[in-house]
Amino acid sequence: MTQTTWNQEPHPARLEERLDDDVVRCHLSPRNCRIRPGQHGFCMVRANRDGRLVTLNYGRSVHATEETIETEAVFHYAPGARILSMGNVGCMLNCDYCHNWKTSQARYVEDKDVYHYTPEEVVDIAVRHGIKVISWTYNDPVVWHEFVVETAALAKAAGIVNLYKSAFFISGEAIEELIPVIDIFSVSIKSLDPKYYRKITKGWLEPVLEGTEQVYRAGKHVEVSTLMVTDLSDDEKTAREMATFVGERLDPSIPTHFVRFHPDYKMTDTIRTPVDRLERARKVALDMGLNHVYLGNVYDTESTNTWCSQCGLLQVTRYGLNADLVGVDADGNCASCGTRAPLKLLPDARRRNKVQDLPAGVDLDVASFDWHGDVRALHVQMRNESDAPATAYTRRYGDPAADGSWEIVELKPRESFRYIAAKSTPDELGVQVAIPDRCTSSLHQVFDRAHFPTVEVAAGTLNEDVSPLPLFQPGTRR
Ligand code: SF4
């Protein structure tokens with residue numbers, strides 16, 4: 001295995017049990033790994049050092065990234081809100097189709113993809129950029145427990161909402177530590193079939209369901225999703241089982257998302273989920289009594305929108321990762337009949353400040369990226385290479401009906417900032433970035449919402465049916 005440095009600074013871990021002979025047991029996930037001195041657990045980011053349980057990824061993260069809350073399969077909390085997504089490295093599962101295997105499986109993580117943050121720095125990024133929600137996400141926040149709990153508490157004190165997007169293979173004890181600091185739980189339930197769980201995720205099902213019930217009973221905002229994997233779980237059986245779980249163990253009003261799969265990791269010999277199968281699953285779940293069932297990772301369908309349950313008024317339109325409130329008043333009521341909308345609103349959580357035109361007399365480099373095939377989102381990384389503040393700009397272009405204005409991005413000296421730009425209308429052609437000469441930028445194309453790209457556009461694959469990440473090659477473990 002190639003030596004990496006990102007995992008060489010152990011940090012004391014919570015949920016430790018000390019056993020005889022300097023052996024420790026980890027109580028963070030249901031695996032309860034028993035770890036001998038010098039060894040690590042299944043996730044490879046928690047280890048035994050000199051008879052104590054430590055975490056190897058404290059403050060180690062992929063680049064902090066501004067996104068929209070829809071990225072996280074959260075549709076009923078602050079639609080369209082900008083969020084700060086924080087993903088780390090490692091995972092307590094190993095799903096055959098993982099969309100983030102380059103960072104979730106610690107053995108493949110390279111130093112170049114790992115950034116170092118303190119809790120204070122994370123909160124500072126959110127505050128300076130006017131972001132009201134921090135999302136603990138991507139690979140999986142469970143294995144980042146200490147950093148999440150400490151930073152979320154700091155963020156909460158600063159008035160920031162915390163969102164936890166997870167496969168939720170986590171112990172009840174760990175959930176009790178999250179409940180005081182996390183406001184929103186978006187749980188990805190991989191399947192309701194115990195055999196599928198064992199075979200495809202290497203975890204097991206019941207703790208996931210129990211954990212979801214635990215946070216629901218604690219009064220948290222909960223939404224659930226399931227990835228509909230082509231020919232494996234994209235059938236009516238999955239839809240029926242999800243509807244039964246949500247309806248009987250949670251509440252029929254919990255938003256439920258059926259998410260489109262793309263081939264990745266060890267599962268590339270297949271195709272993207274046919275959208276008609278997703279639509280069929282949605283109909284089955286609605287017919288079984290669920291109130292809000294949505295599709296994910298799809299464009300050009302009305303099955304991502306929200307309507308008033310009383311009068312049928314269209315309340316939220318969604319296109320890809322973008323949302324617009326169109327039928328809800330400022331108090332959160334239906335604009336037609338006045339019925340309370342099933343949405344929690346968060347004031348001032350949406351757009352950045354804008355200008356109609358780029359400033360005259362300022363030397364700016366303008367780069368353009370055109371949407372192509374199924375690549376309809378882009379991570380844009382901007383770096384201020386100077387010791388003075390800098391102002392950059394970004395906009396979507398090409399739609400004659402859009403206003404064409406530029407959003408303003410203020411960068412502090414030496415700051416590296418990353419955000420997602422997603423196609424927002426059917427006629428939009430792409431995204432443009434304008435930066436002053438003391439800044440640099442790089443572009444990373446995004447295939448689906450839960451996928452964190454680590455490879456720049458020029459180095460990625462343009463195969464429209466496969467992730468732009470490098471393809472997983474069996475037998476290439478480092
Ligand atoms: S988090 Fe889970 S997989 Fe990792 S060491 Fe703890 S029990 Fe094992």
Side-chain angles (χ1 to χ4, degrees), residues 66-83 130-133 161 163 184 186 221 223 225 253-260 275 278-279 282-283 285-286 290-354 356 371 376-377 394-407 419-429 431 449:
E66 178 194 304
E67 305 182 313
T68 56
I69 200 164
E70 286 68 27
T71 316
E72 306 296 43
V74 173
F75 279 15
H76 283 198
Y77 201 113
R82 292 186 293 127
I83 62 174
I131 299 171
K132 311 286 186 194
V133 181
V161 169
L163 189 170
I184 307 166
S186 176
H221 181 92
E223 304 201 17
S225 58
S253 67
I254 296 291
T256 302
H257 305 249
F258 292 123
V259 179
R260 195 179 188 202
V275 175
L278 298 171
E279 298 281 11
R282 177 173 181 267
K283 182 169 186 320
L286 288 170
L290 297 196
N291 301 144
H292 306 286
V293 185
Y294 298 107
L295 303 191
N297 288 343
V298 294
Y299 286 74
D300 306 319
T301 168
E302 294 199 333
S303 298
T304 54
N305 295 338
T306 303
W307 288 269
C308 176
S309 58
Q310 288 300 310
C311 72
L313 181 73
L314 182 60
Q315 295 184 318
V316 186
T317 60
R318 298 186 181 84
Y319 186 81
L321 304 179
N322 304 278
D324 282 310
L325 280 174
V326 294
V328 181
D329 66 22
D331 297 324
N333 299 320
C334 175
S336 175
C337 70
T339 302
R340 189 88 195 145
L343 309 166
K344 291 196 174 88
L345 303 184
L346 201 55
D348 304 325
R350 292 171 59 84
R351 298 280 178 222
R352 293 177 169 280
N353 291 332
K354 291 182 177 184
Q356 193 56 44
W371 307 131
R376 286 179 275 202
T394 178
R395 72 171 179 180
R396 288 77 182 273
Y397 73 98
D399 183 350
D403 69 1
S405 58
W406 294 85
E407 293 182 28
Y419 68 94
I420 194 169
K423 186 172 182 176
S424 61
T425 69
D427 293 329
E428 186 180 286
L429 296 180
V431 61
R449 64 188 189 192

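Hydrogens, waters and symmetry mates play no part in the numbers below; they use all other heavy atoms, side chains included.
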> Does the side-chain contact (heavy atoms from CB on, under 4.5 Å) test come out yes or no for T301 and E279, once each step is laid out?
Replying inline: CA-CA 9 Å; T301 168; E279 298 281 11; 2.7 Å; yes
Taking C-beta and beyond as the side chain, do [X] and [Y] meet within less than 4.5 Å on heavy atoms?
X    : Y    : answer
V431 : Y397 : no
E72  : I83  : yes
I420 : L321 : yes
L314 : N305 : yes
N322 : R396 : yes

Shortest non-hydrogen contact between [X] and [Y], atoms and distance:
X    : Y    : result
T68  : G80  : CG2-O, 4.3 Å
E70  : A323 : OE2-CB, 3.2 Å
F258 : A285 : CE1-CB, 3.9 Å
L313 : G327 : CD2-O, 3.6 Å
V298 : V275 : CG1-CG2, 4.3 Å
P426 : D300 : CG-OD1, 4.4 Å

>> Using 0.5 Å steps for rounding, measure from the OH atom of Y77 to the OG atom of S186.
In response: 13.5 Å
> When rounded to the nearest 0.5 angstrom, what is the spacing between CG in L295 and OG in S225?
Replying inline: 12.0 Å
> Which pairs count as salt bridge (Lys or Arg N to Asp or Glu O under 4.0 Å) when at least one residue sits in residues 306-315, sequence neighbours excluded?
Replying inline: none
>> Taking salt bridge (Lys or Arg N to Asp or Glu O under 4.0 Å) as the cut-off, I'd like each qualifying pair that reaches into residues 308-328, sequence neighbours left out, listed once.
In response: D324-R350
Check whether any side-chain N or O of [X] sits under 3.5 Å from a backbone N or O of [Y] as a donor-acceptor pair, and report yes or no.
X    : Y    : answer
R282 : V293 : yes
Q356 : D403 : yes
S405 : K354 : no
H257 : A73  : yes
R352 : G130 : no

> Between W307 and Q315, is any side-chain donor less than 3.5 angstrom from a side-chain acceptor?
Replying inline: no
> Side chains of D427 and T425: is there a donor and an acceptor less than 3.5 Å apart?
Replying inline: no
Results of side-chain hydrogen bond (donor to acceptor under 3.5 Å, both in side chains) for [X] - residues two or more places apart only:
X    : answer
Y294 : H76, T306
Q310 : none
T304 : none

> If you measure from the Lys or Arg side-chain nitrogens to the Asp or Glu carboxylate oxygens, is any gap between R82 and E66 under 4.0 Å?
Replying inline: yes
>> Walk me through whether H292 and F75 qualify under side-chain contact (heavy atoms from CB on, under 4.5 Å).
In response: CA-CA 10 Å; H292 306 286; F75 279 15; over 6 Å; no
> Between E223 and L163, does a side-chain contact (heavy atoms from CB on, under 4.5 Å) hold up when you go through it step by step?
Replying inline: CA-CA 11 Å; E223 304 201 17; L163 189 170; over 6 Å; no
Without placing hydrogens or testing angles, list every side-chain donor-acceptor pair under 3.5 Å for residues 334-347, not counting sequence neighbours.
from	atom 1	to	atom 2	distance (Å)
R340	NH1	D331	O	2.5
R340	NH1	N333	OD1	3.2
R340	NH2	D331	O	3.4
K344	NZ	H221	ND1	3.4

> After noting the C-alpha distance and the side-chain angles of Y419 and E67, does the key distance pass the side-chain contact (heavy atoms from CB on, under 4.5 Å) rule?
Replying inline: CA-CA 6 Å; Y419 68 94; E67 305 182 313; over 6 Å; no
